[in-house]
Amino acid sequence: MLDIKIVREKTQIVIEALKKRGSDASILDGLLRLEAKRRAQLAVVEELRQQRNVLSEEIGKLRKQGESPSALLENAKKISDEIALKEQSLRELETQTLQEILVLPNIPHESVPLGKDDTGNVEVRKRGRLPEFSFQPKAHWDIGEDLKILDFERAGKIAGARFCLYKGPGARLERSLINFMLDLHTGEAGYTEVFPPVLVNKDSMTGTGQLPKFEEDLFKIGNDERNLFLIPTAEVPVTNIFRGEILNEEELPVYYTAYTPCFRREAGSYGKDTKGLIRQHQFNKVELVKFVKPEDSYTELESLTLNAEEVLKRLGLPYRVVALCTGDLGFSSAKTYDIEVWFPSQERYREISSCSNFEDFQSRRADIRFKRKGKKGTEFVHTLNGSGLAIGRTLAAMLENFQQEDGSVIIPEVLRPYMKSEKIVKG
RNA sequence: GGAGAGGUGGCCGAGAGGUCGAAGGCAGCCGCCUGCUAAGCGGUUGUGGGGCUAACACCCCACCCAGGGUUCGAAUCCCUGCCUCUCCGCCA
């Protein structure tokens with residue numbers, strides 16, 4: 001959420017930001033009008049409340065002196081009734097203003113390249129050698145089915161489309177990747193491992209920006225009055241760990257890493273990646289989340305991205321890093337790097353991690369603040385997160401990049417202690 | 001699922017319809033005193049919003065888990081929800 005004061009006082013900046021994102025800046029008009037009304041009404045209500053307070057105090061004093069306050073009572077009653085009335089309309093204005101401001105996207109950082117869609121994204125670096133094959137490389141779903149480690153058909157029977165049943169070395173590989181990534185991040189990189197709830201309430205979803213705008217992407221538990229949602233990413237529960245809290249300056253930065261399953265409706269992506277592990281309703285992910293001081297957030301974004309890249313480096317998977325342009329930037333993000341891994345069967349890079357700095361956009365929504373030593377008041381922390389990495393996509397990329405002509409798949413060195421084997425073979 | 005207890009400032013803890021943003025203690029900050037460590041003494045220290053400012057100061061409003069209600073007036077009374085604790089039952 002943007003600061004209403006900024007929208008009010010630095011409207012031009014917000015208009016520019018919306019334009020850069022390709023959004024219609026005229027949506028601000030209604031908000032500004034509402035906000036003006038809201039403040040006027042607030043002044044009215046506060047003025048009345050003051051009058052009431054003065055009268056009430058007077059009444060109290062008279063009572064104490066044993067005199068009758070009946071003359072004042074009538075007036076006080078009248079003012080009280082009026083307050084109730086005006087408060088009603090103030091509440092309505094507040095609700096409307098909040099609704100409008102919650103759907104405004106974040107302001108892109110000045111370093112974000114201009115562009116209107118993903119064609120405007122800028123490649124920042126490229127690492128690893130693309131594999132060369134003396135045969136026609138297969139798609140990961142064919143490799144997985146031939147090795148009998150991925151069973152999409154039976155998953156379809158159990159749950160439906162966009163689910164997968166992992167078996168034998170496939171299931172073990174999934175687990176190995178989770179453990180490898182968590183071990184890596186909790187090592188030198190210094191992240192603390194957390195394992196959060198994967199069902200969360202509405203406030204949490206609003207805190208990180210999934211609600212109110214993107215409800216159709218979420219699975220909702222409908223037969224329970226708590227109205228919980230399945231998380232689409234660990235970002236939600238982990239960022240909300242500190243919702244409504246004030247941290248001490250010395251506690252920052254906080255680095256968390258979490259493995260969780262993730263659940264997405266994938267509404268509106270019919271026909272996209274219908275085969276394979278790329279787009280599933282349920283998938284595993286190891287997430288990186290940081291809470292930092294504002295002045296550090298952009299160096300923290302660089303290091304967080306490097307932490308995610310390290311996984312691919314150690315696995316030996318070729319990848320590139322892309323800076324998303326203003327038109328492709330996510331709703332809550334001020335700046336995002338996508339990490340994309342090479343898929344030989346598709347002869348292209350596909351997103352495997354998205355590392356973002358949200359600045360104070362999420363922390364303002366979620367009310368996560370910190371206090372500087374010796375300074376008055378509080379400030380919002382900056383939050384960041386990135387996948388480190390999406391497990392299913394990593395597994396898919398490994399199958400494709402490390403496939404052999406005989407249909408087997410070589411396990412990279414770093415995973416062998418987890419897999420207890422060097423190779424996945426048929427049978 | 002059943003029966004109780006409770007949620008107050010950074011922490012502990014009073015309060016019980018009026019002058020309570022909230023006693024007291026601890027912690028923190030400022031100063032004094034003391035030639036050791038320590039102790040002692042005085043003062044001070046919440047958050048958000050609005051107004052006015054170049055800014056500070058200042059003024060006002062709100063906040064004692066959350067949301068409603070009663071009342072001229074609620075931390076205090078009533079209702080609902082959430083959370084925590086104890087006991088019983090059930091359960092991976």
Side-chain angles (χ1 to χ4, degrees), chain A residues 1-10 31-102 195-207 211 221 223-229 237 240-252 254 261 360 363-381:
Chain A
M1 167 166 79
L2 296 179
D3 187 350
I4 186 69
K5 269 193 207 160
I6 289 183
V7 177
R8 207 163 69 202
E9 286 159 22
K10 299 181 177 163
L31 172 60
L32 287 169
R33 221 173 302 128
L34 270 171
E35 168 64 3
K37 272 198 196 163
R38 195 203 111 233
R39 276 203 302 163
Q41 190 68 1
L42 180 63
V44 169
V45 168
E46 288 193 347
E47 164 73 24
L48 283 168
R49 283 208 276 236
Q50 191 188 349
Q51 283 179 29
R52 183 201 59 197
N53 290 348
V54 169
L55 273 178
S56 290
E57 204 172 311
E58 203 68 21
I59 291 168
K61 274 184 197 156
L62 286 176
R63 273 266 161 79
K64 201 150 236 181
Q65 293 162 12
E67 295 173 39
S68 163
S70 53
L72 295 177
L73 271 176
E74 198 181 326
N75 196 14
K77 172 81 179 143
K78 240 173 65 193
I79 292 180
S80 255
D81 290 345
E82 197 178 350
I83 289 175
L85 213 72
K86 300 274 155 110
E87 274 180 340
Q88 168 84 27
S89 93
L90 176 63
R91 260 197 303 272
E92 278 162 23
L93 286 167
E94 280 172 343
T95 313
Q96 287 171 26
T97 313
L98 188 66
Q99 269 172 7
E100 299 252 331
I101 196 153
L102 280 177
F195 187 70
V198 300
L199 282 171
V200 303
N201 57 32
K202 192 176 153 193
D203 286 343
S204 293
M205 283 296 184
T206 307
L211 293 178
I221 308 302
N223 67 343
D224 186 288
E225 63 287 351
R226 278 167 297 195
N227 283 322
L228 298 172
F229 295 87
N240 277 283
I241 286 174
F242 294 121
R243 173 151 49 86
E245 296 191 29
I246 299 172
L247 305 171
N248 289 318
E249 181 177 15
E250 311 91 76
E251 294 176 72
L252 298 173
V254 174
D360 63 4
S363 58
R364 176 170 286 108
R365 285 176 166 242
D367 190 25
I368 306 171
R369 291 172 288 164
F370 76 104
K371 196 168 169 46
R372 290 193 202 265
K373 221 175 145 60
K375 268 199 151 183
K376 248 184 109 78
T378 57
E379 293 174 51
F380 289 108
V381 304

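Residue numbers begin at 1 in each chain, while the letters A, B, ... track the order of the sequences.
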Novice: Kindly say whether A:Val381 contributes a backbone atom to a donor-acceptor pair with the side chain of A:Ser363 at under 3.5 angstrom?
Specialist: yes

Novice: Please state how far atom CD1 in A:Ile59 lies from atom P in B:U19, giving the value in whole angstrom units.
Specialist: 13 Å

Novice: Taking OP1 and OP2 of B:G73, is either one under 4.0 Å from a side-chain nitrogen or oxygen of A:Ser80?
Specialist: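 Checking A:Ser80 against B:G73: at least one side-chain N or O falls below 4.0 Å of OP1 or OP2.
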
Novice: Go through residues 195-204 of chain A and report each residue with a non-hydrogen atom lying under 4.0 Å from RNA chain B, sorted by number.
Specialist: none

Novice: Whom does B:G40 pair with, Watson-Crick or G-U wobble, provided both distances fall under 3.5 Å?
Specialist: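 WC or wobble partner is B:C32.
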
Novice: Using purine N1 to pyrimidine N3 plus N6-O4 or O6-N4 for Watson-Crick, or N1-O2 and O6-N3 for G-U wobble, both under 3.5 Å, which nucleotide pairs with B:U53?
Specialist: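 Looking at the geometry, B:U53 pairs with no nucleotide.
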
Novice: Any strand is fair game: report the nucleotide pairing with B:G1 by Watson-Crick or G-U wobble, both distances under 3.5 Å, or none.
Specialist: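 B:G1 is paired with B:C88.
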
Novice: In whole Å, measure the gap between the P atoms of B:A54 and B:C12 for me.
Specialist: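 B:A54 and B:C12 have their P atoms separated by 44 Å.
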
Novice: Show the distances under 3.5 angstrom between N or O atoms of the protein and N or O atoms of nucleotides 75-80 of chain B.
Specialist:
none

Novice: When both hydrogen-bonding distances must be under 3.5 Å and the geometry is Watson-Crick or G-U wobble, what is B:G15 paired with, if anything?
Specialist: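 B:U8 - that is the nucleotide pairing with B:G15, both distances being under 3.5 Å.
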
Novice: For A:Leu55, which residues count as a side-chain contact (heavy atoms from CB on, under 4.5 Å) partner, sequence neighbours excluded?
Specialist: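 Result, side-chain contact (heavy atoms from CB on, under 4.5 Å) vs A:Leu55: A:Leu72, A:Asn75, A:Ala76, A:Ile79.
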
Novice: Taking the P atom of each, how far is B:U8 from B:G4, in whole Å?
Specialist: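 Nearest-Å result for B:U8 against B:G4 at atom P: 22 Å.
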
Novice: Just list the side-chain donor-acceptor pairs under 3.5 Å for residues 80-88 of chain A, sequence neighbours left out, or say none.
Specialist:
{"from": "A:Glu87", "atom 1": "OE2", "to": "A:Arg49", "atom 2": "NH1", "distance (Å)": "2.6"}
{"from": "A:Gln88", "atom 1": "NE2", "to": "A:Glu92", "atom 2": "OE2", "distance (Å)": "3.2"}

Novice: Suppose you measure atom P in B:G25 against the same atom in B:U44; what distance do you get, rounded to whole Å?
Specialist: 13 Å

Novice: Could you pull out all residues at least two apart from A:Thr378 that satisfy side chain to side chain donor-acceptor pair (under 3.5 Å)?
Specialist: A:Arg369

Novice: Using modelled atom types and a 3.5 Å cut-off, is there a donor and acceptor pairing between side-chain atoms of A:Asn240 and backbone atoms of A:Ser204?
Specialist: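 The answer is yes, because a donor-acceptor pair under 3.5 Å joins these two groups.
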
Novice: Please state how far atom CG in A:Leu73 lies from atom C1' in B:G18, giving the value in whole angstrom units.
Specialist: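 It works out to 13 Å between those atoms.
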
Novice: For the CD1 atom of A:Ile4 and the CZ atom of A:Arg39, what is their distance to the nearest 0.5 Å?
Specialist: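 It comes to 9.0 Å.
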
Novice: Verify the neighbour count for atom CD of A:Glu94: are there more than 12 heavy atoms of other residues, nucleotides or ligands below 6.0 Å?
Specialist: yes

Novice: Between A:Pro237 and A:Pro196, which heavy-atom pair has the shortest distance, and what is it?
Specialist: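 Scanning both residues, the minimum pair turns out to be CB-CB, 3.6 Å.
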
Novice: Treat primed atoms plus P, OP1 and OP2 as sugar-phosphate and everything else as base, then score nucleotides 45-70 of chain B 5' to 3': B for base contact with protein heavy atoms under 4.0 Å, S for sugar-phosphate contact only, - for none.
Specialist: --SSBSS--------BBS--------

Novice: List in chain and number order the residues that pass side-chain contact (heavy atoms from CB on, under 4.5 Å) with A:Arg372, two or more places apart in sequence or in another chain; answer none if no residue qualifies.
Specialist: A:Glu249, A:Lys293, A:Pro294, A:Glu295, A:Phe370, A:Lys375, A:Glu379

Novice: Could you check whether atom NZ of A:Lys371 has more than 12 heavy atoms from other residues, nucleotides or ligands sitting under 6.0 Å from it?
Specialist: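 Counting neighbours around NZ of A:Lys371, more than 12 heavy atoms of other residues, nucleotides or ligands fall under 6.0 Å, so yes.
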
Novice: Tell me the interatomic distance from A:Leu55, atom CG, to B:U19, atom P, rounded to whole angstroms.
Specialist: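 Checked: the CG to P distance equals 15 Å.
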
Novice: Looking only at atom P, what distance separates B:C79 and B:A3, rounded to whole Å?
Specialist: 16 Å

Novice: Suppose you measure atom C1' in B:A5 against the same atom in B:A57; what distance do you get, rounded to whole Å?
Specialist: 48 Å

Novice: Please give, in whole Å, the distance from B:A27 P to A:Asn248 CG?
Specialist: 17 Å

Novice: State the pairing partner of B:A23; accept Watson-Crick or G-U wobble contacts with both distances under 3.5 Å, and report none otherwise.
Specialist: none

Novice: Could you work out the separation of B:C88 and B:A14 based on their P atoms and round it to a whole Å?
Specialist: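 Taking atom P in both B:C88 and B:A14, they lie 28 Å apart.
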
Novice: Would you please name every residue forming a side chain to side chain donor-acceptor pair (under 3.5 Å) with A:Asp3, sequence neighbours left out?
Specialist: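 Checked A:Asp3 against side chain to side chain donor-acceptor pair (under 3.5 Å); zero matches.
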
Novice: If we take the C1' atom in both B:U19 and B:G73, what is their distance in whole Å?
Specialist: 12 Å

Novice: Could you walk me through whether A:Arg38 and A:Glu35 satisfy the salt bridge (Lys or Arg N to Asp or Glu O under 4.0 Å) test, starting with their C-alpha distance in whole Å, then the side-chain angles of each, then the deciding distance to 0.1 Å, before giving a yes or no?
Specialist: CA-CA 5 Å; A:Arg38 195 203 111 233; A:Glu35 168 64 3; 2.5 Å; yes

Novice: Is B:U70 paired to anything, Watson-Crick or G-U wobble with both distances less than 3.5 Å, and if yes, which nucleotide?
Specialist: none

Novice: Taking N or O atoms only and anything under 3.5 Å, show me the protein contacts with nucleotides 6-9 of chain B, one pair per line.
Specialist:
none

Novice: Considering only atom C1', compute the distance from B:G81 to B:G89 and round it to an integer number of Å.
Specialist: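 My reading of the C1' atoms in B:G81 and B:G89 gives 25 Å.
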
Novice: With side-chain hydrogen bond (donor to acceptor under 3.5 Å, both in side chains) as the rule and sequence neighbours excluded, what pairs involving residues 51-64 of chain A come up?
Specialist: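 Only A:Glu47-A:Gln51 qualify under side-chain hydrogen bond (donor to acceptor under 3.5 Å, both in side chains).
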
Novice: Looking at residues at least two apart in the chain, or sitting in another chain, which of them share a side chain to side chain donor-acceptor pair (under 3.5 Å) with A:Glu251?
Specialist: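 If we apply the side chain to side chain donor-acceptor pair (under 3.5 Å) test to A:Glu251, skipping adjacent residues, the hits are A:Asn248.
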
Novice: In Watson-Crick or G-U wobble terms, both distances under 3.5 Å, what is the partner of B:C63?
Specialist: B:G46

Novice: Under the side chain to side chain donor-acceptor pair (under 3.5 Å) test, which residues partner A:Glu100, sequence neighbours left out?
Specialist: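 Residues passing side chain to side chain donor-acceptor pair (under 3.5 Å) with A:Glu100: none at all.
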
Novice: Can you tell me how far C1' of B:G18 sits from CZ of A:Arg63, to the nearest Å?
Specialist: 10 Å

